[in-house]
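To start, the structure itself, in structure tokens.
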2 protein chains.
Amino acid sequence: MDGCGHDHAQMGMKPAAVRAALDAAEAACGLDGERMTAPRRRVLELLLAAGEPVKAYDLIAAYGRDGEAAKPPTVYRALEFLERRGLAHRIASLSAYVACSHDRAEHAAAFLICDCCGATAEVPAGAGAQLAGSAGDLGFVIQRATVEAHGLCARCRPDA
Amino acid sequence: MDGCGHDHAQMGMKPAAVRAALDAAEAACGLDGERMTAPRRRVLELLLAAGEPVKAYDLIAAYGRDGEAAKPPTVYRALEFLERRGLAHRIASLSAYVACSHDRAEHAAAFLICDCCGATAEVPAGAGAQLAGSAGDLGFVIQRATVEAHGLCARCRPDA
DNA sequence: GGTCGTGATGTTATCTCATAACACTCCCTC
DNA sequence: GAGGGAGTGTTATGAGATAACATCACGACC
């Protein structure tokens, strides 16, 4: 949303925090016998530094430190890995990707997405609770859920 | 999911039911001063007959009764109208569209999507309930929500 | 230390999903 | 019957994602 008449806060981690998070993620991968390779690390770095949902093609454009773009499969493969590890999430309603904001990756995340400033909060998301009720009645077994609420964050609410 | 080793039920309305639903939708539009034009009616007809989520380009391909395809904007504009009226919903996690299964359009629908047979159940979806709690704590105002649970329906569950 | 298998990457090409832009038509209203 | 707004037809293009295949890096095993 543009022209909303107010400033938007800066988001994303500072470089030192990004490095720390990357190192932690790399260590966790090592314990599981998975490899935090260069492209995976780079894509996670971009997501962490942004701190908000980023479009895949923005990652592709920003990938090279010299301003050179990556090839799409490079970034999409890294994103697939990061999602599988719980280090990143896809926001289907935005066709965008965001770094997971939890220390320990939770499955079943839910998101509050501000349509004004783009800020995204990842919330604990047993939000499938009521959903699980309906599902159970129908004999439906839930394996994963996409829960994305759009609206206005506290900073962007006109009243407040 | 293919090769899952069991049959899938047929879905979708019979022609008579489709006609009835189309006429009802048209009447409702008339009351609100909106026009159920030919392309809108045709796209809704295809969605109702399918009874499950349909990709936009499948609608485009099936649009002409003589096997001729529509132009993309024709179908996308009709879908936009149907969504606005609550007659259809977009399933973001599938990039697909489905006819609304409620007589009276509810806002804030939630979906149970079987990854095996493609069947989709639209459930009452106060499923934002717990979500609303987290949102309130953060001062976040929810305007609309995407709630899509993937899993296996009763017919496709291996146990059952 | 070799070699073998697996998983990851690089590269090209293509496929799917969605919309911008503009001309034209239909219908309602005055 | 002129004017305005909503809707449609058409062309072109932008944006999102993946298929296919060659090559490369790494660990396991002998």
Side-chain angles (χ1 to χ4, degrees), chain A residues 2 25-26 29-47 50 53-66 68-85 87-98 118 146 148, chain B residues 2 25-26 29-47 50 53-66 68-85 87-98 118 146 148:
Chain A
D2 288 326
E26 184 157 1
C29 285
L31 293 178
D32 295 352
E34 300 232 58
R35 293 154 58 192
M36 178 60 80
T37 59
R40 292 168 176 179
R41 189 178 172 99
R42 175 58 175 158
V43 169
L44 180 54
E45 178 184 11
L46 291 169
L47 288 176
V54 186
K55 302 273 198 173
Y57 271 70
D58 290 342
L59 294 171
I60 287 168
Y63 184 87
R65 291 170 199 279
D66 52 0
E68 218 164 332
K71 305 289 170 61
T74 300
V75 166
Y76 278 105
R77 287 196 282 231
L79 287 170
E80 183 191 16
F81 170 84
L82 295 172
E83 253 194 290
R84 179 158 45 81
R85 293 280 312 169
L87 293 167
H89 301 285
R90 178 170 194 268
I91 311 290
S93 58
L94 297 176
S95 292
Y97 302 83
V98 67
T146 297
E148 300 165 12
Chain B
D2 289 327
E26 185 157 1
C29 284
L31 293 179
D32 295 352
E34 300 231 60
R35 293 155 58 193
M36 177 61 79
T37 58
R40 292 168 176 178
R41 189 179 172 100
R42 175 59 174 156
V43 170
L44 180 54
E45 179 183 11
L46 290 169
L47 288 176
V54 186
K55 301 275 198 174
Y57 271 69
D58 290 341
L59 295 171
I60 288 168
Y63 184 87
R65 292 171 198 277
D66 51 0
E68 217 163 333
K71 304 290 169 64
T74 300
V75 167
Y76 278 105
R77 287 196 282 232
L79 288 170
E80 182 191 17
F81 170 83
L82 295 173
E83 254 195 289
R84 180 158 46 81
R85 293 281 313 170
L87 293 167
H89 301 284
R90 178 172 195 267
I91 310 289
S93 59
L94 297 176
S95 291
Y97 302 82
V98 67
T146 297
E148 300 165 10

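Naming: A, B, ... by sequence-line order, numbering from 1 per chain.
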Would you say [X] and [Y] make side-chain contact, with heavy atoms under 4.5 Å?
X: B:Arg85; Y: B:Cys29; result: yes
X: A:Ile91; Y: A:Ser93; result: yes
X: A:Val98; Y: A:Leu47; result: no
X: B:Met36; Y: B:Leu87; result: yes
X: B:Arg90; Y: B:Leu79; result: no

What closest approach, in Å, do [X] and [Y] show between heavy atoms, and which atom pair accounts for it?
X: A:Ala25; Y: A:Leu44; value: CB-CD2, 3.9 Å
X: A:Pro39; Y: A:Ala78; value: O-CB, 3.9 Å
X: B:Ser95; Y: B:Lys55; value: O-CD, 3.6 Å

Toward the 5' end of DNA chain C, by each residue's nearest nucleotide, B:Ser95 or B:Pro73: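 Checking each residue's closest nucleotide, the 5'-ward one belongs to B:Ser95.
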DNA chain C: 5'-proximal contact among B:Leu94 and A:Pro39 (nearest heavy atom):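 Going by which nucleotide is closer to the 5' end, it is A:Pro39.
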N/O donor-acceptor pair, side chain A:Arg77 with base C:dG7, under 3.5 angstrom: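 Between C:dG7 and A:Arg77, which were checked side chain against base, a qualifying N/O pair under 3.5 Å is absent.
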Distance below 4.0 Å between A:Thr74 side-chain N/O and C:dT11 OP1 or OP2: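 Answer is no, no contact under 4.0 Å.
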Phosphate OP1/OP2 of C:dC17: any B:Tyr97 side-chain N/O under 4.0 Å: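 So the side-chain polar atoms of B:Tyr97 never come under 4.0 Å of the phosphate oxygens OP1 or OP2 of C:dC17.
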Intermediate values then yes/no, side-chain contact (heavy atoms from CB on, under 4.5 Å), A:Glu34 and A:Phe81: CA-CA 10 Å; A:Glu34 300 232 58; A:Phe81 170 84; 3.7 Å; yes
Terminal axes of the helix from C:dG1-D:dC30 to C:dC30-D:dG1 (five pairs each): angle between them, nearest 10 degrees: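 Both end axes considered, the difference amounts to 30°.
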Could you state the atom-to-atom distance from [atom1] of [X] to [atom2] of [N] in whole Å?
X: A:Met36; N: C:dA8; atom1: CE; atom2: C1'; value: 14 Å
X: B:Lys55; N: C:dA18; atom1: NZ; atom2: C1'; value: 13 Å
X: A:Arg85; N: C:dG7; atom1: CZ; atom2: C1'; value: 15 Å
X: A:Leu79; N: C:dT9; atom1: CG; atom2: P; value: 12 Å
X: B:Tyr76; N: C:dT16; atom1: OH; atom2: P; value: 12 Å
X: B:Ile60; N: C:dT16; atom1: CD1; atom2: P; value: 12 Å

B:Glu45/B:Arg42 salt bridge by N-O under 4.0 Å criterion: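 Result for this pair is yes, salt bridge flagged.
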Enumerate the protein-to-nucleotides 27-30 of chain C contacts in which both atoms are nitrogen or oxygen and the separation is below 3.5 Å.
none

Bounds of contact between DNA chain D and chain A, in 5' to 3' order, using a heavy-atom cut-off under 4.0 Å: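 Result: D:dG16 to D:dC26.
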Comparing B:Tyr57 and B:Ala38 on DNA chain D - which has the more 5′ nearest nucleotide: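 With B:Tyr57 and B:Ala38 compared, the 5'-side residue is B:Ala38.
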Atom CD of B:Glu83: over 12 foreign heavy atoms under 6.0 Å: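 Above 12, so yes.
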